[in-house]
Each structure stands twice: as C-alpha cells, then as structure tokens.
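Below: the structure, in structure tokens.
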Amino acid sequence: MSQTVYGIDLGTTYSAISMINEFGTADVIENMEGDNTTPSVVYFEDESNFVVGKEAKNSQKVYPDDTISLVKRLMGEKRELSFQGTTHTPESISALILRQLVEEANEQLEEDVNDVVITVPAYFGLVEKEATRTAGEIAGLNVKGIIAEPVAAAISAGFKPGASETVFVYDLGGGTFDCTVMTLSDEGIEVVAVDGDRYLGGADWDEKLFDYVLTTFVEKAGLDEDPADDDQFYQEILSEVESAKKSLTKKRSAKVRCSFGSITEMIEVTREKFEEITKPLVDQTLEIAERTLEAATAKKPNLNVTKYLLVGGSSRMPMISDALENKFGWELTVTEFDLAVAKGAAMYGQGQADFKMLNPEANAGEDKADEPRFYLGGVDSGQGMQINNILSKAVGVLFVDPETRTPHIGHLLNQGETLPAEASITAATLGEGATEISIHLYEQAGEVPSTDVDANKEITPETGATFTNLPQLPQGSPIELYMHVDSEGLLTFKGFEPQSNQELKLKVKVAAMQEDEIQLAKQVVGGLQRSE
Ligand code: ADP
Ligand code: MG
C-alpha cells in the first residue's frame, strides 16, 4: 500500500481535509470541534499566537485589524499583510490554514499527514496555482498535486475519465460562485468552459438575512440608535444569522436571538421570507449558469450536457435546486456539497499514488502483490488518470513593436487552450549587434486577455531569462522560443539562439514568492518541517 495522500479543499470561506479509508472510500476528517469544515479565517492574538477557524471567524468584527479572511482572493498577488508586527503574505496565511487542518487531522488520526493534493478554482492561472503550491510548501507539506475544484467534485461523484459524459458543475460556496462545463472520455477529463462571479456566495445570503433581521429587530424594539454600530452585537447577529440560514435548509422557519442593551427579541424568519429576499441572488447565478452553457456550446457546437452537479455549501439551500429545476428543467446530481471537493482530491491523490506504486516504470513486469485500495478510472486499464484542464489565463512573451518601439505582450498560449499545451515561434532581434538578450514571460492578469503590458503580470524574475555572450548578433537574427504548460498548469520555457548554438533552458519560477521568501515565510509560520 502506498503512502496516504490527503485531499485538501483550501476554500475561500471554509476548508476541509479528506483521506481514503481502509474500505477505499473517502472520509472527511473532522476538526477538533467536530466540524467537517473549518472557516478559512486567521486571528492573530498576539505576536506569537494565532487561531484558525470558528473562533477566528467570531473575532473578525471585534478585532478586524488582527483577523484575516478571504485570503484566497489574494493568492498570486504580491501583498504584504501585517499582523501583530509580523509581515505575512497570502501564501503564508494560507499555510497557517493548511497547517491547522493538517495538525488537527494528525491528532485525530495519530498519523503524520505529509503528502497532499490541494484544490484550486478552475480559473486560477499559473501564478495563483504556484502560490497555492508554495503555501503547502511553507506549511511543510509535500504537495503531490494541484487539481481543479470542479474536477475533484466530479471525481467524488464517481465520474471517471472513460465515462463519456458531459458534466456541468454549479458550485455555490461562501464567497464565490463557479460554473464549469467539462467532458469525460477515454482521453481524460477536458474542461470546456469556466465562468462565475468571484464575489457572489453564501455571505451575500447572510447579508440579506442580516438586514432583514436587523430591520425587524429595530422596529420591534423601537430603537432610535442603530445597534449594528456596536461591533460585538454585529458579530453576534452575523454568526446567528448564518446558523439560522443553515437551519432554514432543513426547517421551514428559524429564530434569531437579538440582544441589545436590556432588550432581547426573538426574530422569526420563515423559509418563504428568506427565499423572497434572496431571489435576486439566485437569479444572478442562473444567468451566469446560462452564460457558461452558451460559451461551452459556442466552443463545442455538439455539446450535450449529460449530468448537472450541484456543489458547494450554499447549494444545500433548497431554493437552489428548485430554481435550477424550474428554470432549466435540469435533473440534478447532488454531491456532498462542501465536502465533495476535498473528497475528490483525496481520491485523485490516492489513485495516482497507488497507480504509481503498482506501475513503477522500471519494474513493469513485477508481480502486483499489493492491491490498490480502490480503483479510479484508468487505474486498472494501466492508463493512470488523465485530466485535461484548460489554460485559464493566456501566457506570452514581452515583445517590442519595431516601428513605435512600444512594448506589448504576444500570447503564445491562449486562454482556454486545452492542457497540456505547447507553442513555439521564431522571434527576431531588434537591436544591432546584440550581445545580451533578456526574455520576459507574462501571464494575463485580468479576466480578458489583452496585449497591453499593464493587463499582464510577469511570471519570470525581474531579470528575465537572459542570453549572454552572444556574438554581436545582427538585427533580425532569429531566436526560437518554446513554451510548454503541463496538465497541472506548470510552465517550462526554452529559448534557442542558433548562431551561438546557445540554448536557454529556463526553469521558470512562476511562484509569486521567491525561494528565499518561502524560507522566510517558513520561519514565520514555524514548526513543521517539510519531510522528503
Ligand atoms: P467555499 O468553498 O467558497 O469556501 P463552501 O463550499 O465550503 O465554500 O460553502 C460555504 C458556504 O456554505 C457558507 O456560506 C455557509 O454558510 C454555507 N452553508 C454551509 N452549510 C449550509 C447549509 N446547510 N445551508 C445553507 N448554507 C450552508
Ligand atoms: Mg469551494
């Protein structure tokens, strides 16, 4: 049996960790509070102590300067985040969340968690993915893979690459909404279209309910002042409101206890009322879902969705399935909502590890004494699991216009291209007698690709990749450029200058942090050492 590989859903609002049990099915490992998911919130109590999870989430409004949430939205950005006098980064904060999940799992299992697969949204570009990998590294983990959330969700729902299905994933989480269309075939999993709203999620439902409860309370209690100005009160009600929202998933009505000064009132909310005040939010998701489907169909005209998967904690609300069924007539496949992604990651990670163990290239003919604990599409057919993601952000090279001498980005690989992908072009030198040429690689920064340098971000170190000691190349000398992005979205770049026969084998570091910064962050995060 190969080493256990854990699946981690590092979510915008909630995170979860999962493993394959002895029966070959995925279990989510509860945290010390007995919850399946842990809020992705960190509270820095003082210089040396921090808290991750529910307690941190409850401290948010009262200690806003010492608390950070939604850090996933900052992944891939160069940001300095200062708490209690220490400088952190999105990666190091994420590492604290990962460490919390892993340490609590270690305590429950009395086993060391080392090997992990971490999930990322399908729209994450190279930089964000590499930042996620770095976060795992800082947490002292051995990151075996990075996999897209909708793909993980589909795996958890039992879909296999050989299945010949077209799957639509509707993922409504706490702070984001993601739609994905993908096809599964003998060739693997191909992501066809990705869309969503990075600022739409369960928190918006909480907010609507909060406003309703607050207005009703103020009216009922006849208050002159706004109790929401009181941070303690605000935080309490916000947390009560989220609990009430979850209750309304099961029950037809829920009560929120509001206590301000000497006044205490129980505010009742019916499911009907809740659905009425949040209908615009549901409609927004329907519009995006439709748009995603249209984009997928435009790309593949014969596309015929065979399964509609419901994912994410907020998809538990009955209004979501009702709306999708009513509006589109979809027959929905329900997953384990906020647990599906972590479970799928564990299945993927363990499947890969077991497959590798059973098929060591060098000993291909050896007896397969140890059976894998479970089978994933392709494992038994000797293929391993193929997943074809798409490139969510275009990548290219910084070029200069020969006439205007203005710089622009020439994208060699386009947004939406199926991975693995490669491209090569022959560029020409612009200056006369060049002895040194620097190549700078860029990734599209915004949602829409643009050749403007400002609309892209550099993924090479500031010095770029440099050919040195060139034999005073005449203007127009050819330089061959080659780029390869593997199925997990990691980029390899090669450049070749024929005259000097110089090959530039650039190990492009696409991390938002450099190695020494990772080491520094490791020290800040402290504790765990990376085991090889
Ligand atoms: P993310 O991946 O974006 O962090 P999750 O998929 O874990 O998010 O979903 C978290 C959201 O789901 C939160 O807004 C939470 O309140 C909501 N949620 C969890 N359980 C329920 C439930 N039973 N009913 C309604 N909403 C729920
Ligand atoms: Mg999620």
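Atoms within each ligand, like the ligands themselves, are counted from 1 in listed order. Index from 1, following the sequence. FYI, side chains are in, hydrogens and waters are out, and symmetry mates aren't considered; it's all heavy atoms of this structure.
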Thr249 and ligand 1 - part of the residue with a heavy-atom distance under 4.0 Å: side chain
Test of proximity, Asp9 against ligand 1: N or O pairs below 3.5 Å: no
Identity and distance of the protein heavy atom lying nearest atom 14 (O) of ligand 1: Lys245 NZ, 3.2 Å
Exam field: side chain Asn106 to backbone Val113, donor-acceptor pair closer than 3.5 Å: yes
Parallel, tilted or perpendicular, as decided by the 30° and 60° cut-offs, for the rings of Tyr308 and Trp330: parallel
Contact atoms of ligand 1, heavy-atom distance to Met317 under 4.0 Å: 25 (C)
Leu324/Leu310 under side chain to side chain contact (heavy atoms under 4.5 Å, CB included): CA gap, chis, key distance, verdict: CA-CA 10 Å; Leu324 291 168; Leu310 215 44; 3.6 Å; yes
Glu268 and Ser253: side chain donor to acceptor below 3.5 Å: yes
Side-chain donor-acceptor contact under 3.5 Å, Glu80 with Thr87: no
Donor-acceptor pair, side chain of Arg316 and main chain of Lys246, under 3.5 angstrom: no
Gly173 N/O under 3.5 Å from ligand 1 N/O: no
Residue Gly312 vicinity, atoms of ligand 1 by number, heavy atom under 4.0 Å: 6 (O)
Residue Glu242 vicinity, atoms of ligand 1 by number, heavy atom under 4.0 Å: 13 (C), 15 (C), 16 (O)
Part of Lys246 with heavy atoms under 4.0 Å of ligand 1, whether side chain, backbone, both or neither: both
Contact check: Gly174 vs ligand 1, nitrogen or oxygen atoms, below 3.5 angstrom: yes
Side chains of Ser156 and Glu336, donor plus acceptor under 3.5 Å: no
Residue and atom name of the nearest protein heavy atom (relative to atom 1 (P) of ligand 1), distance in Å to one decimal: Thr13 OG1, 3.5 Å
Shortest protein heavy-atom distance from atom 23 (N) of ligand 1, along with the residue and atom involved: Arg316 CD, 3.3 Å
Contact atoms of ligand 1, heavy-atom distance to Gly11 under 4.0 Å: 4 (O)
Parallel, tilted or perpendicular: rings of Phe44 and His88 (30°, 60°): tilted
Gly202: numbered ligand 1 atoms lying under 4.0 Å from its heavy atoms: 14 (O)
Heavy atom of Gly201, distance to ligand 1 below 4.0 Å: no
Selected option - heavy-atom contact closest to atom 9 (O) of ligand 1, from Gly313, Ala16, Pro318: Gly313
N or O contact, Thr12 vs ligand 1, cut-off under 3.5 Å: yes
Aromatic ring proximity, centroids under 6.0 angstrom, Tyr170 and Phe177: yes
Flag for Thr37-Asp338: side-chain donor and acceptor within less than 3.5 Å: no
